[in-house]
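Basis for what follows: all heavy atoms, side chains included, without hydrogens, waters or symmetry-related copies. To find a chain, count down the sequence lines: A is the first, B the second, and so on, and within it residues start at 1.
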Amino acid sequence: MTSKRPVDLPVSQIIKVNAKSPVAMVSILHRLSGALLFVLVPVLLWLLQKSLGSPEGFAYVSQEVFGSIGVKFVVWLFVAGLLYHFVMGVKHMLADLGVAEELKSGRMAAVVSAVVAAVLIVWSFVWIML
Amino acid sequence: MKSAFGLTGSGIRDWVVQRVSAVVLAFYTVVLLGWLIGHPDADYDAWRCFMLSTPMKITSLLALVSLVGHTWVGMWTVFTDYVTTHKLGSAASSLRFVLQSLMIVALLAYLVWGIAIFWAN
């Protein structure tokens with residue numbers, strides 16, 4: 001049977017519909033944060049290698065890298081993405097266990113997770129950038 | 001038809017890999033962030049002693065392997081959902097082939113790099 005379901009919705013309509021749903025929003029951001037982490041892993045590996053390699057490397061990372069705003073901001077982006085992905089991952093695995101997987105409870109879980117993630121992201125900004 | 005680029009060739013196995021690796025990565029995140037928060041003024045010796053202790057070398061290797069499995073399944077999901085002929089036309093299959101290949105090569109490079117950092121010192 002051929003489905004008549006529309007599959008070529010314009011992006012604007014997709015965004016319009018999904019922006020109303022906290023469940024959809026936290027879900028797409030879960031994917032986006034994951035992709036961001038994948039791309040930024042080399043920066044973290046580089047910092048790890050530098051800081052563990054020699055006392056000079058450690059001094060470079062702690063003074064130069066964390067003394068200027070550029071790479072430090074990238075590190076914060078990574079940590080923010082990680083915290084978000086972490087919180088949504090916990091929500092996801094709780095849903096796997098049957099916790100908050102119905103429509104109403106799922107919406108509530110999405111909102112609560114988003115708030116928790118936002119608090120952690122603000123905290124990480126204060127911790128790393130200030 | 002089986003997906004040529006899936007990690008295990010089985011949806012349920014990919015599902016399990018994604019969850020087990022998620023728990024390992026979550027544990028590693030808590031341990032690392034916890035140490036960093038608890039030691040704001042750590043010097044080189046303290047940092048090195050902690051990260052290159054045997055438990056952390058083993059945990060880090062587990063986290064690296066988990067990172068490969070977790071990201072493989074996750075990025076495969078993203079690519080197969082969005083880089084499709086339906087959305088992008090006939091070039092999508094070739095583009096997805098290239099993206100998936102690059103993704104897997106990058107992950108293996110992360111793994112080797114990580115092993116060099118933790119086990120070659």
Undergrad: Linking I/L/V/M/F/W/Y whenever any side-chain heavy atoms sit under 4.5 Å apart, do Trp127(A) and Val43(A) land together?
TA: yes

Undergrad: Hey, could you give me the CG/CG distance between Leu32(B) and Leu48(A), rounded to the nearest 0.5 Å?
TA: 8.0 Å

Undergrad: For the hydrophobic clusters of this structure (ILVMFWY residues joined by side-chain heavy atoms under 4.5 Å, transitively), does one cluster hold both Leu108(B) and Val105(B)?
TA: no

Undergrad: Between Ala106(B) and chain A, with a heavy-atom cut-off of 4.5 Å, which part of the residue counts as in contact: side chain, backbone, both or neither?
TA: side chain

Undergrad: Please indicate whether Met108(A) has more than 12 foreign heavy atoms, meaning atoms of other residues, nucleotides or ligands, lying under 6.0 Å from its CE.
TA: no

Undergrad: Are Val122(A) and Val87(A) connected in the hydrophobic side-chain network, where two residues link if heavy atoms are under 4.5 Å apart?
TA: no

Undergrad: Which distance, rounded to the nearest 0.5 Å, do you find between the OH of Tyr44(B) and the OG of Ser54(A)?
TA: 6.0 Å

Undergrad: Evaluate side-chain contact (heavy atoms from CB on, under 4.5 Å) for Val41(A) paired with Trp113(B), printing each intermediate quantity in order.
TA: CA-CA 11 Å; Val41(A) 162; Trp113(B) 190 1; over 6 Å; no

Undergrad: Please give me the minimum heavy-atom distance between Ala42(B) and Phe58(A), naming the atom from each residue.
TA: O-CZ, 3.5 Å

Undergrad: Which one, Thr71(B), Leu25(B), Thr29(B), leads in non-hydrogen pairs under 4.5 Å with chain A?
TA: Thr29(B)

Undergrad: At a 4.5 Å cut-off on heavy atoms, which part of Trp47(B) comes close to chain A: side chain, backbone, both, or neither?
TA: both

Undergrad: What do you reckon, is CZ of Phe125(A) surrounded by more than 12 foreign heavy atoms closer than 6.0 Å?
TA: yes

Undergrad: If you compare all heavy atoms of Arg48(B) against all heavy atoms of Leu52(A), which two are closest, and at what distance to 0.1 Å?
TA: NH1-O, 2.9 Å

Undergrad: Under 4.5 Å between side-chain heavy atoms, counting indirect links through other Ile/Leu/Val/Met/Phe/Trp/Tyr residues: same cluster for Leu103(A) and Val23(A) or not?
TA: no

Undergrad: Quick one: what part of Ser51(A) sits under 4.5 Å from any heavy atom of chain B, side chain, backbone, both or neither?
TA: both

Undergrad: If every non-hydrogen atom of Met93(A) is compared with every non-hydrogen atom of Ala22(B), which pair is closest and at what distance?
TA: CE-CB, 4.1 Å

Undergrad: In the structure I gave you, are the side-chain heavy atoms of Phe38(A) and Val78(B) within less than 4.5 Å of one another anywhere?
TA: no

Undergrad: Identify which part of Trp15(B) has an atom lying under 4.5 Å from any heavy atom of chain A, answering side chain, backbone, both or neither.
TA: side chain

Undergrad: Does any backbone or side-chain atom of Tyr82(B) lie under 4.5 Å from a heavy atom of chain A? Answer side chain, backbone, both or neither.
TA: side chain

Undergrad: Grab the two heavy atoms, one from Tyr110(B) and one from Val39(A), that are nearest each other, plus how far apart they are.
TA: OH-O, 4.2 Å

Undergrad: When you look at NZ of Lys16(A), are more than 12 heavy atoms from neighbouring residues, nucleotides or ligands closer to it than 6.0 Å?
TA: no

Undergrad: If we define contacts as heavy-atom pairs under 4.5 Å, which of Val23(B), Ile37(B), Asp45(B) has the most with chain A?
TA: Ile37(B)

Undergrad: Within a 6.0 Å radius of atom CD1 on Ile69(A), are there more than 12 heavy atoms belonging to other residues, nucleotides or ligands?
TA: no

Undergrad: Where on His86(B) is there a heavy atom nearer than 4.5 Å to chain A: the side chain, the backbone, both, or neither?
TA: both

Undergrad: Which pair of heavy atoms, one from Leu45(A) and one from Ile117(B), lies closest together, and at what distance?
TA: O-CD1, 3.4 Å

Undergrad: Calculate, to the nearest 0.5 Å, the distance between atoms CD and NE2 belonging to Gln18(B) and His92(A) respectively.
TA: 8.0 Å

Undergrad: With the 4.5 Å side-chain cut-off for hydrophobic clustering, are Phe79(B) and Leu88(B) part of the same group?
TA: yes

Undergrad: Do Leu33(B) and Leu83(A) have side-chain heavy atoms sitting under 4.5 Å apart?
TA: yes

Undergrad: For Ile28(A), is it the side chain, the backbone, both or neither that has a heavy atom under 4.5 Å from a heavy atom of chain B?
TA: side chain

Undergrad: At a 4.5 Å cut-off on heavy atoms, which part of Leu37(A) comes close to chain B: side chain, backbone, both, or neither?
TA: neither

